[in-house]
Q: 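Here you go, one structure.
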Protein chains: 2
Amino acid sequence: MAARTPHPQRRNQVLSREQIIETAIELLDAGGEGALTTRSLTERLSTGSGAIYYRVGSRDELLDAATETVVTAALAAKPARATTTATPEDEIRTVALALFDAIAEHRWLATHLILQLVRKPFGPVTVGIFERIGRQVGALGVPRASWFDAASTLVHYILGAVSQHARIDGDTSTVEPDRAEFLDATAAAWQDLDPEDHPFMHAIVGQINEHDDREQFLTGIAVVLDGLTRLG
Amino acid sequence: MAARTPHPQRRNQVLSREQIIETAIELLDAGGEGALTTRSLTERLSTGSGAIYYRVGSRDELLDAATETVVTAALAAKPARATTTATPEDEIRTVALALFDAIAEHRWLATHLILQLVRKPFGPVTVGIFERIGRQVGALGVPRASWFDAASTLVHYILGAVSQHARIDGDTSTVEPDRAEFLDATAAAWQDLDPEDHPFMHAIVGQINEHDDREQFLTGIAVVLDGLTRLG
DNA sequence: ACTAATCTGGTGCGGCGCTCCAAATGTGTC
DNA sequence: GACACATTTGGAGCGCCGCACCAGATTAGT
C-alpha cells in the first residue's frame with residue numbers, strides 16, 4: 001500500500017536464533033570461514049545487522065554457537081551402537097569417528113573445535129566430549145587416579161588428528177576435489193628433499209599415496225588404547 | 001634543513017626481512033594475534049606498509065614466517081641431550097617438550113602450528129618435526145610398513161596436546177597470572193554440573209587442581225610410546 | 001486504546017589488509 | 001662526476017570488515 005515507508009516490510013516470520021546459526025553454518029560450509037560476515041549473513045536473511053547482534057552477540061559468539069550446534073548434533077547422532085554388545089573401545093571409536101565425520105562435512109570446524117576446548121572448558125562441547133570418552137576409561141582398566149590423564153590423552157590425540165582435516169579456506173566446490181592431486185604434490189615435494197638430511201621422509205614417501213586418513217586415524221586410536229592399558 | 005620534503009628521512013639502516021619477522025614475533029608475544037596489524041608493525045619499524053609487503057607479502061605469509069622462525073629455533077636449540085646415551089624415547093620427548101615450551105613462550109603459536117601442518121606439508125616446520133620424530137620409530141621396534149602411521153600418531157598427539165595451551169588473546173601481562181584462578185573456576189563449573197548427567201566429570205574434578213600440564217603431557221607421550229610397541 | 005517492552009533494519013564509525021605509486025636510494029658505466 | 005636504470009621505501013587511498021547505535025515497527029500487558 002504505502003508507497004515508501006522507512007521500514008517497507010518486516011520479517012513475515014520471526015527471526016530466531018536457530019535460524020541465524022543454521023544460516024551461518026550454511027555460509028561456512030559453502031565458503032569457509034571467510035564467507036561468514038555480518039553483511040553476507042544479513043543479506044541471506046534479508047535483515048539488518050541489529051537483529052543478528054541482538055540475538056547472538058559478536059561474530060565470535062556466532063562461531064562458537066555454530067561449533068556447538070554441529071558438535072552436539074554429531075555426538076547425538078551416534079550413540080553407542082548396540083547398547084548391550086558395545087565395548088568401551090567401540091564407544092570411544094564411535095565418538096572419535098563422529099568428530100572425524102563432522103569435520104569432513106564442515107571443514108571450518110577443525111580450528112574452532114580446538115579453540116572451544118581452550119576457551120570454554122565448561123560449555124557443552126568440551127564437557128560433552130570429555131564426559132563421553134572419560135566414562136569408558138574406567139572400563140578399560142585404568143585406575144581411578146589416572147582417569148584424568150587417560151581421558152586427556154585420548155581427547156588430545158583425537159583433536160590433534162582430526163585437526164589435520166582443516167579447510168584451506170575458499171570455495172568448496174572448486175577447491176575440494178584435488179585430494180589425490182594434493183597427495184601427489186606432497187609426495188613429490190618429499191621426494192625432492194635431500195635424502196641425506198631427510199632419510200625418514202624418503203622412507204615413507206611411498207606410503208602417503210596408499211594411506212587412508214580414516215584408517216590411519218583408527219590405527220592411532222588403537223595405539224593409544226593399547227597404551228592406556230599399561231597405565232597405573 | 002628542508003622545511004618539508006615529501007620523504008623527510010629514510011631508514012638509517014636497511015630494513016631486512018629478518019627484522020620484520022622478529023618485530024612481528026615481539027608484537028605477537030606482547031599482545032596476541034590481534035596485536036599484529038600492518039599499522040602496528042609499520043609504526044614500530046617506523047616505515048610504511050609498502051616496505052613490509054615488498055619483503056614478506058601478505059599478513060598470512062608473515063605469520064607463517066614467524067611460526068617457522070620460532071619452531072625452527074626451538075627444534076635447533078634442543079638437540080638430543082647426550083648423543084651417545086639418548087634413547088629414541090628421549091629424543092621424542094626432547095622434540096615434544098621443545099614444542100611445548102615454545103608454545104608456553106609464544107602462545108599464539110598453537111593455532112598456527114597446526115595450520116602449518118595442514119597448509120604446508122612441505123616447508124621446514126612440518127618436515128622438520130616429522131623427520132625428527134619419524135627417525136626414532138624404527139628404533140622403537142615399529143615395522144617399516146607402519147612407520148608413517150606411527151609417526152602420524154605421535155605428531156598428532158603432540159600437536160593436539162600442545163594446542164591446549166593456546167592464548168585466550170589479549171595482553172600478556174594482565175591475562176597471564178590467573179592460571180590458578182582459571183583452574184579453580186573450571187573445577188567449580190564442573191562441580192556444578194548435574195552429577196547424574198556427568199558422573200565422569202565429577203569423578204575427576206579433584207584431579208584438575210593437582211595436575212601439572214607438563215607432567216600430564218609426558219604421561220600422554222609415554223602412553224602413545226607404549227602403544228606403538230604393539231604395532232606390527 | 002494506550003503504554004511499555006521487545007525487536008528489527010539500516011547508517012555510520014573506526015580500523016583492517018592490501019594496492020599502488022612517486023620519490024628516494026643504490027648500482028653500474030663511461 | 002654525471003647519467004640511466006633497478007631497487008627499495010613511505011604513505012595515501014580503496015574496499016572491506018565487525019560492530020555500536022538508534023529510530024521506528026511490532027507485540028504484549030492492562
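Quick caveat: nothing in here was measured; it's all calculated off a predicted structure. Letters go in sequence order (proteins before strands), and every chain restarts at 1. Just the heavy atoms: all of them, side chains too, but no hydrogens, waters or symmetry mates, feed the values below.
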Q: Take atom CG of L27(A) and atom P of dC17(D), then tell me their distance rounded to the nearest Å.
A: 12 Å
Q: Enumerate all atom pairs, one protein N or O and one N or O from nucleotides 18-20 of chain D, separated by less than 3.5 Å.
A:
residue	atom	partner	partner atom	Å
dG18(D)	OP1	L36(A)	O	3.4
dG18(D)	OP1	R59(A)	NH1	3.4
dG18(D)	OP2	T38(A)	N	2.7
dG18(D)	OP2	T38(A)	OG1	2.9
dG18(D)	N7	R39(A)	NH2	3.0
dG18(D)	O6	R39(A)	NH2	2.8
dC19(D)	OP2	Y53(A)	OH	3.2
dC19(D)	OP2	R59(A)	N	2.5
dA20(D)	N6	S49(A)	OG	3.1

Q: Which whole-number value in Å describes the distance from I20(B) CD1 to dT8(D) C1'?
A: 11 Å
Q: Could you walk me through whether L193(A) and F122(B) pass side chain to side chain contact (heavy atoms under 4.5 Å, CB included), step by step?
A: CA-CA 9 Å; L193(A) 293 169; F122(B) 0 98; over 6 Å; no
Q: Find the distance L41(A):CG to dT8(C):C1' and express it as a whole number of Å.
A: 14 Å
Q: Return yes if a side-chain donor-acceptor contact under 3.5 Å exists between H211(A) and N209(A), otherwise no.
A: no
Q: Please determine whether a side-chain nitrogen of the Lys or Arg among E43(B) and R39(B) lies less than 4.0 Å from a carboxylate oxygen of the Asp or Glu.
A: no
Q: How close or far is atom P of dC17(D) from atom CD of E43(A), stated in whole angstroms?
A: 10 Å
Q: Please name all residues satisfying side-chain contact (heavy atoms from CB on, under 4.5 Å) with Q164(B), sequence neighbours left out, ordered by chain then number.
A: L117(A), V118(A), H156(A)
Q: Could you work out, with side chain to side chain donor-acceptor pair (under 3.5 Å) as the rule, every residue matching R44(A), not counting sequence neighbours?
A: E26(A)
Q: Is it true that a side-chain atom of E131(A) and a backbone atom of M201(B) form a donor plus acceptor pair closer than 3.5 Å?
A: yes
Q: Atom CD1 of I52(B) and atom C1' of dA12(D): how far apart are they, to the nearest Å?
A: 16 Å
Q: Does Y54(A) have a side-chain nitrogen or oxygen under 4.0 Å from the phosphate oxygens OP1 or OP2 of dT8(C)?
A: no
